[in-house]
Amino acid sequence: MSPSPERRRELLAIAADVFAEQGYNATTVRKIADAAGMLAGSLYYHFDSKESMLEEILSTFLAELWDGYDTVLQSRLGPRETLEALVTESFREIDRHRSAVAIYQKESKHLVAQARFQYLTDSQQRFEKTWLTTLERGVAERVFRDDLDIRLAYRFVRDTVWVAASWYRPGGGHSPEEIARQYLSMVLDGIAVRT
């Protein structure tokens, strides 16, 4: 009898939380099993290693992120609307995969040295190209200021959005869409009163 998909997802969520909190290298299979309320050996019924768990956590997060981003990009929106939709989708992913985002941010630089995690580099390059292209298109179409340093703007928006995984908690006082709206208002319109 094979393990249920629901139980597998539950164990991956627990593992993601433990990895995010304690760090990948400091996390043992025993720590994950303890958090799941099971014996360490029982975890091997579901996964062959902690590397397999981590790979599934990160690949699931990135697959869902790219599903959302691809939907936005295929919608053929204007550059401002594309930027708004990408930011909103990013906050939705933080809501769905907060621990995976934290793991990605803390561990990806070290993980990419392993062949099984090469897809992280590929995804990062695709991510950067998506955002830079959107910003460049906005400048070309005179939607964004022509004096923008595109790479600096990209880094600012990227870091401003994704650092939210360090404080955001699903089910909190604001929905991902509301947080995205507030962030976009600050990024696109500033915080000073207009005169």
Side-chain angles (χ1 to χ4, degrees), residues 1-71 86-124 126-128 157-183:
M1 185 172 172
S2 63
S4 74
E6 295 80 21
R7 180 61 173 156
R8 186 178 179 85
R9 280 192 296 274
E10 178 186 336
L11 292 172
L12 285 171
I14 291 167
D17 290 345
V18 176
F19 287 141
E21 182 180 314
Q22 298 184 14
Y24 175 70
N25 287 332
T27 299
T28 62
V29 171
R30 178 173 298 284
K31 287 180 181 179
I32 297 167
D34 288 348
M38 63 194 305
L39 297 172
S42 299
L43 204 52
Y44 289 106
Y45 177 64
H46 301 275
F47 305 97
D48 63 4
S49 65
K50 78 173 190 173
E51 291 83 6
S52 294
M53 287 183 268
L54 182 62
E55 184 174 11
E56 192 165 338
I57 290 163
L58 292 176
S59 64
T60 298
F61 153 60
L62 290 173
E64 288 186 20
L65 174 72
W66 282 109
D67 284 348
Y69 275 17
D70 287 342
T71 298
L86 290 172
V87 167
T88 301
E89 187 58 36
S90 298
F91 278 107
R92 288 180 182 138
E93 290 306 317
I94 292 169
D95 182 63
R96 286 189 283 257
H97 297 285
R98 189 193 65 77
S99 290
V101 173
I103 295 164
Y104 181 87
Q105 290 173 339
K106 291 177 194 172
E107 310 287 352
S108 62
K109 286 182 185 175
H110 308 291
L111 292 172
V112 295
Q114 300 177 44
R116 78 187 297 165
F117 291 103
Q118 182 57 47
Y119 66 91
L120 297 177
T121 300
D122 300 338
S123 183
Q124 176 54 37
R126 185 176 171 202
F127 182 90
E128 184 173 316
V157 174
R158 177 198 65 194
D159 293 351
T160 300
V161 170
W162 291 99
V163 77
S166 67
W167 58 261
Y168 178 80
R169 296 297 175 267
H174 299 288
S175 70
E177 292 79 12
E178 173 60 18
I179 295 171
R181 190 187 67 73
Q182 288 286 335
Y183 268 57

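All figures in this text were calculated on a predicted structure; none of them were measured in a lab.
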- Message: Going by the rule side chain to side chain donor-acceptor pair (under 3.5 Å), which residues pair with Gln124 if we only count those two or more places apart in sequence or in a different chain?
- Response: Tyr104, Tyr154
[atom1] of [X] to [atom2] of [Y]: how many Å apart, nearest 0.5 Å?
X: Leu62; Y: Ile57; atom1: CG; atom2: CD1; answer: 12.0 Å
X: His174; Y: Gln182; atom1: NE2; atom2: CD; answer: 7.5 Å
X: Gln22; Y: Asp17; atom1: CD; atom2: CG; answer: 10.5 Å
X: Arg96; Y: Glu89; atom1: CZ; atom2: CD; answer: 5.5 Å
X: Leu120; Y: His110; atom1: CG; atom2: NE2; answer: 12.5 Å
X: Ser90; Y: Arg158; atom1: OG; atom2: CZ; answer: 12.0 Å

Of all heavy-atom pairs between [X] and [Y], which one has the smallest distance, and what is that distance?
X: Ile32; Y: Met53; result: CD1-CE, 3.9 Å
X: Val101; Y: Ala165; result: CG1-CB, 3.5 Å
X: Ala33; Y: Leu43; result: N-CD2, 4.1 Å
X: Pro170; Y: Arg98; result: CD-CD, 4.2 Å
X: Ala40; Y: Arg30; result: CB-CA, 4.0 Å
X: Ser99; Y: Ala20; result: O-CB, 3.8 Å

- Item | Passing candidate, side chain to side chain contact (heavy atoms under 4.5 Å, CB included) with Leu54, options Leu12, Thr27, Ile103 | Ile103
- Report the C-alpha distance between Asp95 and Ile179 in whole Å, list the side-chain angles of each, state the deciding distance to 0.1 Å, and finish with yes or no for side chain to side chain contact (heavy atoms under 4.5 Å, CB included). CA-CA 11 Å; Asp95 182 63; Ile179 295 171; over 6 Å; no
Whether the side chain of [X] engages the backbone of [Y] through a donor-acceptor N/O pair (distance < 3.5 Å, no angle test) should be reported.
X: Ser59; Y: Glu55; result: yes
X: Arg8; Y: His46; result: yes
X: Gln105; Y: Trp162; result: yes

- Residues which pass ring pair (Phe, Tyr, Trp, His ring centres under 6.0 Å) with Phe47, listed by chain and number, not counting sequence neighbours: none
- Query: Residues two or more places apart in sequence or in another chain: which of them pass ring pair (Phe, Tyr, Trp, His ring centres under 6.0 Å) with Tyr183?
  - Reply: Phe91
- Query: For the residue pair Phe127 and Trp66, does the interplanar ring angle fall in the parallel (under 30°), tilted (30 to 60°) or perpendicular (over 60°) class?
  - Reply: perpendicular
- Query: Crowded around Arg116 CZ? As in, over 12 foreign heavy atoms under 6.0 Å?
  - Reply: yes
Any side-chain heavy-atom pair of [X] and [Y] under 4.5 Å:
X: Tyr24; Y: Lys106; value: no
X: Lys31; Y: Glu21; value: no
X: His97; Y: Thr60; value: yes

- Audit row: Lys50, Phe19, side chain to side chain contact (heavy atoms under 4.5 Å, CB included) steps and yes/no: CA-CA 10 Å; Lys50 78 173 190 173; Phe19 287 141; 4.2 Å; yes
